[in-house]
Q: 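One structure coming up, written as structure tokens, with questions to follow.
This one's a predicted model, so the numbers in the text were calculated from it and none came from an experiment. Note that the numbering runs from 1 along the sequence shown for the chain.
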Amino acid sequence: MKYLILILIIPILSQAQIRDNKNFAKSLKTLADKVKWEEVGPIKYPGNEDEYGLTGVGPIKYFNIHPKAINYCGSNSILGGLFLSNDQGKSWFNSGSDNWESSQCAWFAFHPNDPNIIAAISITEPTKNGGKIGTKGGIMLTFDFGNSWKKIGDFKDFESDAHMWIFKVILTEDNSCYVATSRGLFFTKDISNDNPRWKNILFETELSDVEQFGDGLLVSGKDKVTNQWFIKYMSFDKNRFQKVPYSFDDMGMNHLKFEVVRGKSDDFYYIAQYDRKPDYLVKSNLQGEMSILNDRMLAVFGLGLSLAVSPKNDSIIFAGYGITLQKSVDGGKTFKSIPGKYHVDIEGITFHPTRDDELYIFTHGGVYRSNDLGETWENWSEGVGIAEVMGMGVGHTGFPIAIGVFHDGSLVYSSDSVWRHITPGDGLNSLVAHDDSRYVYLSNQHGVGGIFASKDSGKTFVNLSNFSGFKTSGWSMSFIQNTGNPKVFYFNYKRGYQDGLQEGFDVVMSTNRGFSDYHIISDFHQSHGLKKYNLYDMFVNPNKPGTLYAYLLVSDNGPIEHRLFKNDSTLSSNIDSIQNYWQEIEMPINTWIGGVEFNPLKEEEIFIVKGSPGHIDSEEEFGSEMVYRVDLSKRYNCSSGKNCENITWDLPNAYVDRYASFVDPKRNRLFVGTNEGLYFLDLEKMDAWRKFGKGLPNAIIRAIQTSRDGKYLFVGTKGRGVWHHSY
């Protein structure tokens, strides 16, 4: 009987154990699902803007309010995606574009009768007036205000290749959709179909602008056969085009931008923009009866030029004049600048659909609202997380975080969870000292640019470029701290012209963290006979801290050559001799470097990380020639693969940018950031690439760091700010 009881109990225990195991596995999965990437920001308007000049959240390409449901509005960033609001722009949330195959968004459109229906353009690479559709972009559609999306058109539907660019989408009341592209105007009759069929209704054209006008579309562009500019009108009921005449010289014109005034169907406005002469502001009707209101416009901000006419009084006209906003009260004859608390670089201007005195501008700093025709402005971008991180440094516990933001300036995030604006101008590289988080370094472009250094965790800064007397390298700014001797700090500068030297950027070494004791340690004109070179980046080998690598863009012979040099003696006691020890490293492929990393398990083994050359137009699942492993301790030959191995393997065919690689020496992992997520390779196993974490937007990763205590992994994205993950 005893054994019988045991026999009966064992299956019960086994089943209970199985249930426990399943429950344990389920709880682990639930825990894993909860552990995701978290957004760090900046998503709020940065603090202390009064002290350092106006800054913003990032560049907005387009902003619109639903014409009937005015609580609903949207704004999109070329690199950061689409954001929506259902409380008139008081707060914003990501529309779900984070989960698109490519989170970049060139344009969007509300359905005129239903704010829950939105069409948007997902792109894989920005262009001057929109973006390339690539193999993963396309026309995205939601019927539920972004809760779910589906793709209703890609490059195959448009009978084109992945290089085609698209820039505008329009939805109409009868559920039709129009898409403006570099190959013509495409149309589908019913977006509610599971598989909409697309048709090109305007062939052999390079479109400039498309705008809804009454019961049809205004279209401008250039005929590719005749090379002639045109303005056409198409009625929705027939999809047929009629020419709209104009009577001015269009020689040298490069863009034609429409403005349609709400409530007035007879006339429309446009700016004709030229390469080498002032632009025209024109008022016209469909019969071509036109008047040139101003032939001295100076809309110098490229295709971001903007125009808005008051629906209440057409004597009041707003225009984006280069980086600023200007206003006319005499029908466009004269314009004056509008001062105010708004970010410069005006992308667009629009009036509220029902309030005549309420005006919105969308700029490289976000959305701004005025309810008094431009007299005063307020930020309208709370929650729009679209900062374009160019470089990032992270402190020991995750504070401070220092970032350079392309639009606009550099910021520091402190333990009080506030982002503070430090420098005006487009931000570039950033660094927090690996040994002491009190030392923070930022940089920005020319003009007021240079390297800004802090000794108090980002509270106060000094411009090292001005202080040291070395001319700033501007957009090519690069600096790095030595991994062995933290007081040694390297930065590049622009050398003055010499005989035979057209342009040269070289290395300065400071033995006092950049604050004093400067020594020039390179002269590639003297050592290697280079005539025109740009020192674009630097890397220190932590296995051999005396070894510094310099990445140069050399254009002596016209096309850029990507070349890599190293110097093993930068910690030599004989400082004056250091510049004589630079030697060139063979490059696996002549293209842009995303980073040079060092294997902590092998002293002389380096990884050269590059972007995948065909990521835009290739449908291949995996990349090619993205990561190389090179053993410098042996004779190597990258062309033959001798001690120089392509280890791209199963990395996705994705985009890799500058600073998008990182080695964690504690866990022996090599990280590579792409626009499809963060991937890592176990350097002990060397077997396969694995994706790290869940919930990261499909935006371009620009920087990767761990907090020095090893608890968090951070990434900076070019369009969606900073994110972190428990590590």
Q: Taking atom CG as the centre, does D190 end up with more than 12 heavy-atom neighbours from other residues, nucleotides or ligands that are less than 6.0 angstrom away?
A: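 Correct, the count exceeds 12.
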
Q: Salt bridge check: are E347 and K61 linked by an N-O gap of less than 4.0 Å?
A: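 Salt bridge flag = yes for K61 with E347.
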
Q: Does K341 pair with E378 as a salt bridge, N-O distance under 4.0 Å?
A: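 Salt bridge between K341 and E378, a charged N being under 4.0 Å from a carboxylate O: no.
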
Q: What about F187 and W198, are their ring centers closer than 6.0 Å?
A: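 That pair fails the under 6.0 Å test.
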
Q: Going by an N to O cut-off under 4.0 Å, is there a salt bridge joining D356 and R262?
A: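 A salt bridge links D356 with R262.
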
Q: Does the side chain of Q88 pick up a donor-acceptor pair with the side chain of N71 at under 3.5 Å?
A: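 N71 and Q88 do have a side-chain donor-acceptor pair below 3.5 Å.
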
Q: Can you find a pair of side-chain heavy atoms, one from Y280 and one from Y270, that are under 4.5 Å apart?
A: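 With C-beta onward as the side chain, the pair stays apart.
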
Q: Ion pair present between R296 and D279, side-chain N to carboxylate O less than 4.0 angstrom?
A: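 Answer for the salt bridge query: no.
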
Q: So that I can tick it off, tell me whether D209 and K168 are bridged by a salt bridge, with the cut-off set at under 4.0 angstrom between side-chain N and carboxylate O.
A: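 Looking at K168 and D209, the cut-off is met.
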
Q: Would you call M297 and Y321 a side-chain contact if the rule is heavy atoms closer than 4.5 Å?
A: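 Answer yes - side chains close enough.
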
Q: Is the ring pair F268/F258 parallel, tilted or perpendicular, if the boundaries are 30 and 60 degrees?
A: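 Perpendicular, since the angle between the ring planes exceeds 60°.
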
Q: W165 vs F167 aromatic rings, parallel, tilted or perpendicular, using cut-offs 30° and 60°?
A: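 Because their plane-to-plane angle lies in the 30° to 60° range, the rings of W165 and F167 count as tilted.
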
Q: Can any side-chain N or O of S315 pair as donor or acceptor with the backbone N or O of V329 at less than 3.5 Å?
A: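 Not at all, since once roles are kept as given, no pair shorter than 3.5 Å links the two residues.
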
Q: Any side-chain heavy atom of I349 within less than 4.5 Å of one from L325?
A: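 Touching, per the 4.5 Å side-chain cut-off.
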
Q: Using modelled atom types only, decide if a donor and an acceptor are shared between the side chain of W149 and the backbone of S95 within a distance under 3.5 Å.
A: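 Side chain of W149 to backbone of S95: a pair is present.
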
Q: Answer yes or no: is there a side-chain heavy-atom contact under 4.5 Å between I386 and N76?
A: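 With C-beta onward as the side chain, the pair stays apart.
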
Q: Is the W107-Y62 ring centre distance short of 6.0 angstrom?
A: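 That pair passes the under 6.0 Å test.
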
Q: Can you find a pair of side-chain heavy atoms, one from R720 and one from N698, that are under 4.5 Å apart?
A: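 No, too far: nothing below the 4.5 Å cut-off.
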
Q: side-chain contact (heavy atoms from CB on, under 4.5 Å) with Y178: which of T188, V169, T172?
A: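 Between Y178 and the candidates, side-chain contact (heavy atoms from CB on, under 4.5 Å) is satisfied uniquely by T172.
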
Q: Counting distance only, does the side-chain N/O of T472 pair as donor-acceptor with the main-chain N or O of G474 below 3.5 Å?
A: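 At least one qualifying donor-acceptor pair exists.
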
Q: Are any of the side-chain heavy atoms of Q212 and F236 separated by less than 4.5 Å?
A: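 When only atoms from C-beta onward are counted, F236 and Q212 do touch, with a gap below 4.5 Å.
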
Q: Please confirm whether the ring centroid of Y360 lies under 6.0 Å from the ring centroid of Y368.
A: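 No: the rings miss the under 6.0 Å criterion.
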
Q: Would one find more than 12 heavy atoms of other residues, nucleotides or ligands at under 6.0 Å from atom NZ of K189?
A: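 Result for NZ/K189: open.
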
Q: Are the side chains of V210 and I170 in touch, meaning some heavy atoms are under 4.5 Å apart?
A: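 V210 vs I170: side chains touch.
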
Q: Under 6.0 Å between the ring centres of F143 and F145?
A: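 Not close enough - the centres of the two rings lie 6.0 Å or further apart.
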
Q: Above 12 or not: heavy atoms from other molecules or residues under 6.0 Å from NZ of K151?
A: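 Enclosed.
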
Q: Side chains of D266 and N285: is there a donor and an acceptor less than 3.5 Å apart?
A: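 The answer is no; no qualifying pair exists.
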
Q: Any donor-acceptor pair under 3.5 Å linking the side chain of S306 with the backbone of G320?
A: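 Checking the backbone N and O of G320 against the side chain of S306, no donor-acceptor pair under 3.5 Å is found.
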
Q: Check for me whether the distance between the ring centres of F83 and W92 falls short of 6.0 Å.
A: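 Not close enough - the centres of the two rings lie 6.0 Å or further apart.
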
Q: Does the side chain of E382 pick up a donor-acceptor pair with the side chain of S91 at under 3.5 Å?
A: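 Per modelled atom types, E382 and S91 side chains form no pair under 3.5 Å.
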
